[in-house]
Protein chains: 2
Amino acid sequence: MEGVSGNKYGGVLRFSRDPCTRVAETVDSPSRKPRADAERNRLRLLDTAKAVFGEKGPSASLEEIAREAGVGIGTLYRHYPTRDALIEAVYRNETGQLAAAATRLSEAHPPVEALRQWLLLFIDYLGTKYGMAAVFGSVTGGTAALYAACNSGTPEAIALLTGRAVASGEVRLDMDPIDLLRAIAGVASAGPGWQDTARRLVDILIAGMRV
Amino acid sequence: MEGVSGNKYGGVLRFSRDPCTRVAETVDSPSRKPRADAERNRLRLLDTAKAVFGEKGPSASLEEIAREAGVGIGTLYRHYPTRDALIEAVYRNETGQLAAAATRLSEAHPPVEALRQWLLLFIDYLGTKYGMAAVFGSVTGGTAALYAACNSGTPEAIALLTGRAVASGEVRLDMDPIDLLRAIAGVASAGPGWQDTARRLVDILIAGMRV
DNA sequence: TTATTTCCGGAGACGCCCTCCACTTAGTGT
DNA sequence: ACACTAAGTGGAGGGCGTCTCCGGAAATAA
């Protein structure tokens, strides 16, 4: 499933100013075809960033990432003008599948159980995928507002699941569901074995939401 | 460098290997009285650090703290050899009262209610006291292991409260109680209004712990 | 006062962030 | 095939931080 890392854009790739729609807008362009080397560099940077962030956390040196990717620092900044842009790109890439799982789970399970399953999945991703825990932590804690609005469907995913669960009448939730994720992420990276703790926290949270 | 370090305190100050007992071990010393100016500087640094950390978060520039305190950068490093040492000193200073409140609350309220009250108090501290939210976040998330074991009685405080609550048979908790704080801190600094969210989270957590 | 010990403070080495721009190179029209 | 040109490259450089080191100042002891 990792193979689907699809960044094959058909036409001209444009980055809009709005981060939410930054993914891929094929613009009716009178201009020329995008250069192959640029796209190559972008992908190399993304891969390298994923690895390095996973290894050293989201505050890893951007110079190191550029070096490791075999490009100049200027090239990194050309593709990802800010550290957040780069983190977001990695993050988006990683969580796309999480979002996809939301619809799948919500079709295969009763509402509350689907939510529970997805939260457990979220923990797995947090832990096993390239140290995303730290990245997510920095994202929620740090330059948060941006991501809260628009990261790769995660908010939509959990909104869907909690919406269904609440609609079923079994649970109640008077806060932004994404704060559930923040709570879980807060427990993460608290030392080895945090995943068990996080899983217990999920049970506590769901039990606490029951009417 | 782990060994001796100049500081206040009577004789030669020894840092034990265990950070928990780092506070003050006065070794039987035939040496002289500690210098007054050193202690003065240490206090100035502590106050300034508190203010600056509160204002700019735990990643504020140490040079700025030194400048603002009117001492050289070298003096700062002499008293607090690492950024974490400084943060810990501020943190310890701030949370002493929190720890004190634990015993008070546990005498004045039934077990579960005492726990609830204290968690709410924790939120207040997180929010109003010099931006401790960010500091606590960086502490739990960052160089965590150290603090998890021993910061200023906070672990003891919550252990006391949860211990009583569990003993009462009303609730159940199969995880390190300090992870409750981590969860709450995870919600913190998620934008304005997080305190309401955090308070609701407390209710959810306690409800979820009920047997 | 003088001697001794502690402590101060800032220069300096080094790393990282980010910008800027001379240079290179991939696509394009002929 | 070939020059043309805009897109893209990369790294030097300025700014800011961290942390170390040690000559000199200052406080205590005698």
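We name chains A, B, ... by the order of the sequence lines, and we start the count at 1 in each one.
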Asks: Between A/Lys33 (NZ) and C/dG29 (C1'), how many Å, whole number?
Replies: 15 Å
Asks: Between the two end axes of the helix from C/dT1-D/dA30 to C/dT30-D/dA1, each built from 5 base pairs, what angle do you get to the nearest 10°?
Replies: 10°
Asks: With rounding to the nearest 0.5 Å, note down the distance linking CG in A/Leu46 to CZ in A/Arg92.
Replies: 11.0 Å
Asks: Determine: side-chain N/O of B/Asn41 to OP1/OP2 of C/dC8, distance under 4.0 Å, yes or no.
Replies: yes
Asks: How would you list, by chain and number, every residue that makes a side chain to side chain contact (heavy atoms under 4.5 Å, CB included) with B/Arg104, sequence neighbours excluded?
Replies: B/Ala101
Asks: Would you mind reading off the distance between B/Arg42 atom CZ and C/dC8 atom P, rounded to a whole angstrom?
Replies: 11 Å
Asks: Quick one, which residues of residues 59-71 of chain B touch DNA chain C with a heavy atom under 4.0 Å?
Replies: B/Val71
Asks: Considering only D/dG8, C/dT19, C/dA11, which nucleotide approaches the side chain of A/Tyr77 most closely?
Replies: C/dT19
Asks: Output yes when at least one side-chain N/O atom of B/Thr75 is less than 4.0 Å from OP1 or OP2 of C/dC7, else no.
Replies: no
Asks: How long is the line joining CZ of A/Arg83 and C1' of C/dC16, in whole Å?
Replies: 9 Å
Asks: According to side chain to side chain contact (heavy atoms under 4.5 Å, CB included), who are the partners of A/Val166, at least two apart in sequence or on a separate chain?
Replies: A/Val171, A/Leu173
Asks: List for me each residue that meets side chain to side chain donor-acceptor pair (under 3.5 Å) alongside A/Asp37, sequence neighbours excluded, and say none if there are none.
Replies: A/Arg35
Asks: Quick one: side chain to side chain contact (heavy atoms under 4.5 Å, CB included) partners of A/Thr82, sequence neighbours excluded?
Replies: A/Asp84, A/Ala85
Asks: Who passes side chain to side chain donor-acceptor pair (under 3.5 Å) against B/Gln117, sequence neighbours left out?
Replies: B/Glu113
Asks: Can you tell me how far C1' of C/dA13 sits from CD1 of B/Ile73, to the nearest Å?
Replies: 15 Å
Asks: Kindly say if A/His79 contacts the phosphate of D/dT9, meaning a side-chain N or O under 4.0 Å from OP1 or OP2.
Replies: yes
Asks: Rounded to the nearest angstrom, tell me the gap between atom NZ in B/Lys56 and atom C1' in D/dC16.
Replies: 13 Å
Asks: Identify each donor-acceptor pair in which a side-chain atom of residues 196-207 of chain A lies under 3.5 Å from a protein atom, sequence neighbours left out, and give them as a table.
Replies:
| from | atom 1 | to | atom 2 | distance (Å) |
| --- | --- | --- | --- | --- |
| A/Arg199 | NH1 | A/Asp124 | OD1 | 3.4 |
| A/Arg200 | NE | B/Asp174 | O | 3.3 |
| A/Arg200 | NH1 | B/Asp174 | O | 3.0 |
| A/Asp203 | OD1 | A/Arg116 | NH1 | 3.2 |

Asks: Please give, in whole Å, the distance from C/dA26 P to A/Glu39 CD?
Replies: 15 Å
Asks: So, using side chain to side chain contact (heavy atoms under 4.5 Å, CB included) as the criterion, who are the partners of A/Ser61 when residues are at least two apart?
Replies: A/Glu63, A/Glu64
Asks: Determine, for nucleotides 22-27 of chain D in 5'-to-3' order, which nucleotides have protein heavy atoms under 4.0 Å from the base (write B), from only the sugar-phosphate (write S), or from neither (write -).
Replies: ----BB
